[in-house]
Amino acid sequence: MAQAQKITPRAKDFSEWYGDVIAQAQLADYSPVRGCMVIRPHGYRIWELMQRALDDMFRASGHRNAYFPLFIPMSFLAREAEHVEGFAKEVALVTHTRLRATGKEGKDAIEVDPSSALEEPLVVRPTSETIIYAMFAKWIQSYRDLPLKLNQWANVVRWELRTRLFLRTTEFLWQEGHTAHTDEADAESEARLILEIYRDFAETWMAMPVITGVKTESEKFAGALRTYAIEALMQDNKALQAGTSHNLGQNFAKAFTVQYQTAAGGLEYVWNTSWGVSTRLVGGLIMTHSDDNGLVAPPKLAPVQVAIVPIWKTDQEKQQVSSVGSQVQADLEKAGLRVEHDLRDTMKPGAKYFEWEALGVPVRLEIGPRDVASGQAVLARRGGGKGPVSLHGVAASVTKALDEIQAALFAAARERREQNSIRGVTKAQFIEFIKRPGGFAYGGFCGSPSCEAEIKQQTNATIRVLPDPEFRSKEAPRNCMWCGAPSVAEAVWALAY
RNA sequence: CGGGGUGUGGCGCAGUCCGGUAGCGCGCCUGGUUUGGGACCAGGAGGUCGCGGGUUCGAAUCCCGCCGCCCCGACCA
């Protein structure tokens, strides 16, 4: 499918640029239902690659997959007070189970059958804590049943007013892990372990640097004791919460009576954790690396890692270069790479280059008659740079190039984040910084929710996390950057998605 | 919910003020010539002009009502 539609430059309108990249890279499209999106094959492939990597990590750390139902009794949601308050305003409900024919024409041909009303409406899961812990209550009897560490890949629905492709849609795909433990320390180390897995995934696979830390009371998950998060900085200097891990304490255990008998014969409530990442990660990937030519995908998650573009004039040349191209493709695939050999003859090579670039392919191999004659191909990198490579050992050189690209993307993203971070901010600096370049602002925080709220109200900035030691400034801030009271923790503020 | 805008082939738009039965670019299809950074020529396909009603010999165009979508605010995270 050839196309020459232009991408709005990032610098001109970031939001339009984002949408254009998604359209040009054929990642997703709008659905007829407001706020919902269709994930197209190229976009879904990225998600599948993410899923595979994460799933392997979960499995390696002792988690097993299961599947819990889409529908949850409405009363379940109400059992945990904070939880219900957090989701009440955005749940979709099933209230009826039948339609009936009216005998009329067109849109009026069917209507809801009033006699099919459910006694208790069903909630379409916005998250599954309630249904899962109701089941845990049945399965957990003894300390010998613990820890119980499950994960599920599922879709969830949150009725959002403002939606954006991948970042916030009415329905989205995610994984949600749910675990039960004998004590707080075990639950805590689980929540931290998962946070570390998320961080590793973001950095190693997505080439997206993140800072880790804990959320403040006002930003934590409804119903959790503590929420940990990884936060990334997008190219427009807005923060993206890319993954969360919650220590749920015993809140849900008490609400759903999830108890176990101790070795000593006592009866205790379990300690739970829950954690998730979603298709929002795809949005994060796009906004971290892509440019005005389209998607830039890190090699490890690129649906197509290598595009081979043959160049020919005569039929004889075509036969020659495509035969060499096929051999190269076989070599690369044997090395485990994802390769497309672009033999379309309706398009000139240049048009193919632009198309593969928009799709985010990290490496392109151009093979023309002159290359065949000299036993080489031209290797072009998505980020720029072109040069000949020998066809002998081409798989090794391509693999090396992909590794270099993966590393370079991460280094560049981390460099950009540091360039757009300010430490030890004063109130005056903060107000200017958030307004103009934007980015991560590190400063002292007094811990007062009212101070936090005032900052948000006046600047729109929120505390993304109270960073973990590794990310804290060398010198701990003494005073709250806003009110001047003694600081209880360093905080990172930013405008956020 | 309040304010503003907009709805015309797949996409982007013109035509609306001054009613006469729909046009342009891109894309798509066919054939030919092309092919080392977005090819060219020729010939085609494709539209109940958001929906309903009204005025008129005649409505994309004028009038009334409704609906969708977008932006800002509110709300939310």
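Convention: sequence-line order gives letters A, B, ...; per-chain numbering from 1.
For A:His178 and A:Phe68, the ring centers sit 6.0 Å or farther from each other.
Using the six-membered ring where Trp is involved, A:Phe14 and A:Trp17 have ring planes that are tilted, between 30° and 60° apart. Note on ring orientation: taking the six-membered ring where Trp is involved, the planes of A:Phe221 and A:His246 are parallel (angle under 30°, cut-offs 30° and 60°).
Nearest to the side-chain atoms of A:Ala351 among the listed nucleotides B:G38, B:G37, B:U35 stands B:G38. Of the listed nucleotides (B:A77, B:C76, B:G37), B:C76 has the atom at the smallest distance from the side chain of A:Lys89. In the set B:A77, B:G38, B:U35, B:U35 carries the atom at the smallest distance from any side-chain atom of A:Pro349. Distance from the side chain of A:Lys313 is smallest to B:U35 among B:G37, B:U35, B:A77. You'll find that the side chain of A:Trp312 is closest to B:U35, out of B:U35, B:A77, B:G37.
In a base pair of the Watson-Crick type (N1 to N3 plus N6-O4 or O6-N4) or a G-U wobble (N1-O2 and O6-N3), with each distance short of 3.5 Å, B:G36 is matched with no nucleotide. Pairing partner, B:C1: B:G73, with both Watson-Crick or wobble hydrogen-bond distances short of 3.5 Å. Nucleotide B:U21: unpaired (no Watson-Crick or G-U wobble partner with both distances less than 3.5 Å). In this structure, B:U61 forms no base pair with any nucleotide, since neither Watson-Crick nor G-U wobble geometry is met with both distances under 3.5 Å. In this structure B:A42 sits in a base pair with B:U30, meeting the Watson-Crick or G-U test at under 3.5 Å.
Residue contacts for A:Val309: at a heavy-atom cut-off of 4.0 Å it reaches no nucleic acid atom on any strand shown. Counting any heavy atom pair closer than 4.0 Å across all strands shown, A:Arg370 reaches a base atom. Among the protein residues, A:Lys220 comes within range of no part of the nucleic acid, since none of its heavy atoms lies under 4.0 Å from any strand.
What separates CH2 of A:Trp356 from P of B:G38 is a distance of 18 Å, to the nearest Å. Taking atom CD of residue A:Gln320 and atom P of nucleotide B:G36, one finds them 17 Å apart after rounding to whole Å. Rounded to an integer number of Å, the gap from OH of A:Tyr353 to P of B:G36 is 8 Å. A:Tyr30 places its OH atom 14 Å from the P atom of B:C11, with the value rounded to the nearest Å. In this entry the distance linking NE2 of A:His83 with P of B:A77 reads 14 Å, nearest Å. In this entry the distance linking CE of A:Met347 with P of B:C40 reads 14 Å, nearest Å. When rounded to the nearest whole Å, the span between CG of A:Asp345 and C1' of B:A39 equals 14 Å. Counting to the nearest Å, the C1' atom of B:C11 and the CD atom of A:Gln24 are 11 Å from each other.
Screening A:Leu365, A:Val304, A:Val361, A:Leu332 against A:Val339 for a side chain to side chain contact (heavy atoms under 4.5 Å, CB included) leaves a single residue, A:Leu332.
B:G47 and B:C11: their P atoms are spaced 14 Å apart (whole Å). As rounded to the nearest Å, B:C18 and B:C64 have P atoms that lie 15 Å from one another. A gap of 46 Å separates the C1' atoms of B:G4 and B:G43, to the nearest Å. Atom name C1', nucleotides B:U56 and B:U30: the rounded distance is 44 Å, in whole Å. For the P atoms, the distance from B:C51 to B:C40 is 36 Å, rounded to whole Å. Straight-line distance between the C1' atoms of B:C72 and B:G58: roughly 42 Å, to the nearest whole Å. As rounded to the nearest Å, B:A45 and B:U34 have C1' atoms that lie 24 Å from one another. The same atom, C1', is picked in B:C75 and in B:G3; the two are 16 Å apart, to the nearest Å.
Figure legend: A:Arg364 and A:Tyr353 shown as a cation-pi pair, the cationic atom lying under 6.0 angstrom from the six-membered ring centre and within 45 degrees of its axis. Seen from the ring of A:Tyr228, A:Arg226 does not count as a face-on cation partner, given the 6.0 Å and 45° thresholds.
Summary of the strand contacts: A:Glu219 and A:Asp371 both lie near RNA chain B, and taking for each the nucleotide with the nearest heavy atom, the more 5' one is attributed to A:Asp371. Nearest-nucleotide positions on RNA chain B place A:Ile311 closer to the 5' end than the other of A:Glu85 and A:Ile311.
With hydrogens and angles left out, the side chain of A:Glu317 and the base of B:G36 share no donor-acceptor pair within 3.5 Å. Below the 3.5 angstrom threshold, one finds no donor paired with an acceptor across the side chain of A:Lys386 and the base of B:G36.
Proximity of A:Lys348 to the phosphate of B:G37: no side-chain N or O atom is located under 4.0 Å from OP1 or OP2.
Salt-bridge annotation for A:Glu355 and A:Lys352: absent, with no side-chain N of the basic residue lying under 4.0 Å from a carboxylate O of the acidic one.
Of the N and O atoms on the side chains of A:Gln316 and A:Thr314, not one donor lies less than 3.5 Å from an acceptor on the other residue.
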